[in-house]
Protein chains: 2
Amino acid sequence: MLPGVSVYTPGQVVEETGFSLDTLRYYERIGLLEPIGRNAAGQRRFTQADVGWLGTIRCLRDTGMPIAEMLRFAELVREGDHTIRDRIALLEAHDRRVEAQVDNLREKQTVVQNKISYYRAVVD
Amino acid sequence: MLPGVSVYTPGQVVEETGFSLDTLRYYERIGLLEPIGRNAAGQRRFTQADVGWLGTIRCLRDTGMPIAEMLRFAELVREGDHTIRDRIALLEAHDRRVEAQVDNLREKQTVVQNKISYYRAVVD
DNA sequence: GCTTGACCTGGAGTGGGCTCCAGGTGGGAT
DNA sequence: ATCCCACCTGGAGCCCACTCCAGGTCAAGC
């Protein structure tokens with residue numbers, strides 16, 4: 001590796017991203033990550049770009065995007081700049097789903113809170 | 001059934017609650033629903049109370065409570081009024097998790113939105 | 001020079017939450 | 001009367017997203 005280019009060991013990436021080592025390998029296997037570079041001993045060495053991409057993955061996962069759709073997104077990214085409009089469309093659709101998810105969560109949360117209030121009134 | 005007591009056929013409950021018939025049967029099997037009453041032919045007839053309870057289930061499910069915990073809650077409800085404090089505790093803990101969930105979702109959503117903005121800037 | 005520990009592989013196993021199936025019954029509309 | 005459709009049961013199957021395992025390699029520290 002070139003000096004000055006920061007690389008990360010698997011352990012460091014686990015630390016940084018919160019994904020387990022098995023999950024990282026799994027993501028690479030299914031093609032959500034491109035093949036990760038290796039050192040002489042065959043051990044993974046992640047680049048800054050890999051870690052950045054994993055950050056994106058983390059956001060999408062945490063907001064409930066299924067793996068199949070993240071794969072689709074990964075594919076678009078690989079295909080280059082002419083897919084940017086498609087990526088926008090994909091992310092916008094996702095954003096709307098997240099919005100709906102938050103709304104539903106909030107709505108159901110108030111029901112839960114009302115139930116708590118009701119129980120409090122009974123108990124006091 | 002007594003006249004004036006409203007009962008629901010499985011199909012009506014599916015309609016009302018949005019749970020599939022299979023899911024309703026599954027919930028009964030695992031004890032999340034108490035044994036549902038039957039007509040002469042052995043078909044389920046849900047009471048108003050059953051449907052109300054399913055509404056609670058729907059809220060808890062939609063806010064991400066695992067089935068095991070809903071079972072615990074169902075157990076508390078069955079045990080009677082002396083468990084109300086426990087139910088409050090359970091629901092409050094859940095409420096806090098929902099809050100955290102919403103916060104996380106919102107935070108990750110802004111990242112997604114920033115990504116969209118970035119792509120927009122590239123494309124325009 | 002030996003141990004420890006981080007890492008490797010391919011493949012099997014897990015857990016949660018349903019969902020489907022085969023084979024059968026009963027009741028309401030035509 | 002007959003058809004169809006909603007419903008029944010026990011049990012198997014499915015999907016998703018990991019997670020674990022056995023058996024092996026290398027590097028560094030004691």
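Below, chains carry the letters A, B, ... as their sequence lines are ordered, and counting in each starts from 1. All values below were derived from every heavy atom in this structure, side-chain atoms included, with hydrogens, water molecules and symmetry-related copies excluded.
Straight-line distance from the CG atom of Leu32(B) to the C1' atom of dG17(C): 12 Å, rounded to whole Å. Across the protein-nucleic acid pair, Glu28(B) atom CD and dC7(D) atom C1' stand 13 Å apart, rounded to whole Å. Spacing between atom CG of Leu71(A) and atom P of dC15(D) amounts to 16 Å, rounded to whole angstrom units. Between the C1' atom of dG17(C) and the CZ atom of Phe19(B) lies a distance of 12 Å, rounded to the nearest Å. Atom-to-atom, CZ of Phe46(A) to C1' of dA6(C) comes out at 13 Å; the value is rounded to the nearest Å.
Applying the 4.0 Å criterion to OP1 and OP2 of dT19(D), one finds that Thr23(A) has a side-chain N or O inside that range. Taking only side-chain nitrogens and oxygens, Tyr26(B) never comes nearer than 4.0 Å to OP1 or OP2 of dC20(C).
Between Gln43(A) and Thr9(A) there is no side-chain heavy-atom pair separated by less than 4.5 Å. With contacts defined as side-chain heavy-atom distances shorter than 4.5 Å, the pair Arg106(A)/Glu99(B) qualifies. Taking 4.5 Å as the limit, some side-chain heavy atom of Leu33(B) sits within range of a side-chain heavy atom of Leu54(B). Looking at Arg25(B) and Arg44(B), their side chains come closer than 4.5 Å, going by heavy atoms from C-beta outward. Contact check for Gln101(A) versus Leu105(B): side-chain heavy atoms found under the 4.5 Å cut-off.
For residues 11-45 of chain A, every residue pair satisfying the ring pair (Phe, Tyr, Trp, His ring centres under 6.0 Å) rule, not counting sequence neighbours, is listed here: Phe19(A)-Tyr27(A). Residue pairs meeting the salt bridge (charged side-chain N to carboxylate O under 4.0 Å, His left out) criterion with at least one partner in residues 69-80 of chain A, sequence neighbours excluded, are Glu34(A)-Arg78(A), Glu69(A)-Arg97(A), Arg72(A)-Glu75(A).
Side chains of Gln48(A) and Tyr8(A): a donor on one and an acceptor on the other come within 3.5 Å.
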Review item, nucleotides 28-30 of chain C N/O atoms under 3.5 Å of protein N/O:
none

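A donor-acceptor pair is defined here as one N or O able to donate and one able to accept, closer than 3.5 Å; no such pair exists between the side chain of Asn114(B) and the backbone of Val111(B).
Counting any heavy atom pair closer than 4.0 Å across all strands shown, Tyr27(B) reaches sugar-phosphate atoms only and no base atom.
Contacts between residues 52-63 of chain B and DNA chain C, counted as heavy-atom distances below 4.0 Å, involve Arg61(B).
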Q: Would you mind building the protein contact string for nucleotides 7-15 of chain C? One character per nucleotide, 5' to 3', B for base within reach (heavy atoms under 4.0 Å), S for sugar-phosphate only, - for untouched.
A: SSB-B----
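Applying the side chain to side chain donor-acceptor pair (under 3.5 Å) criterion to Thr83(B), with sequence neighbours excluded, gives Arg87(B).
Contact between Trp53(A) and Ala74(A) at its shortest, heavy atoms only, is CZ2-CB, 3.6 Å.
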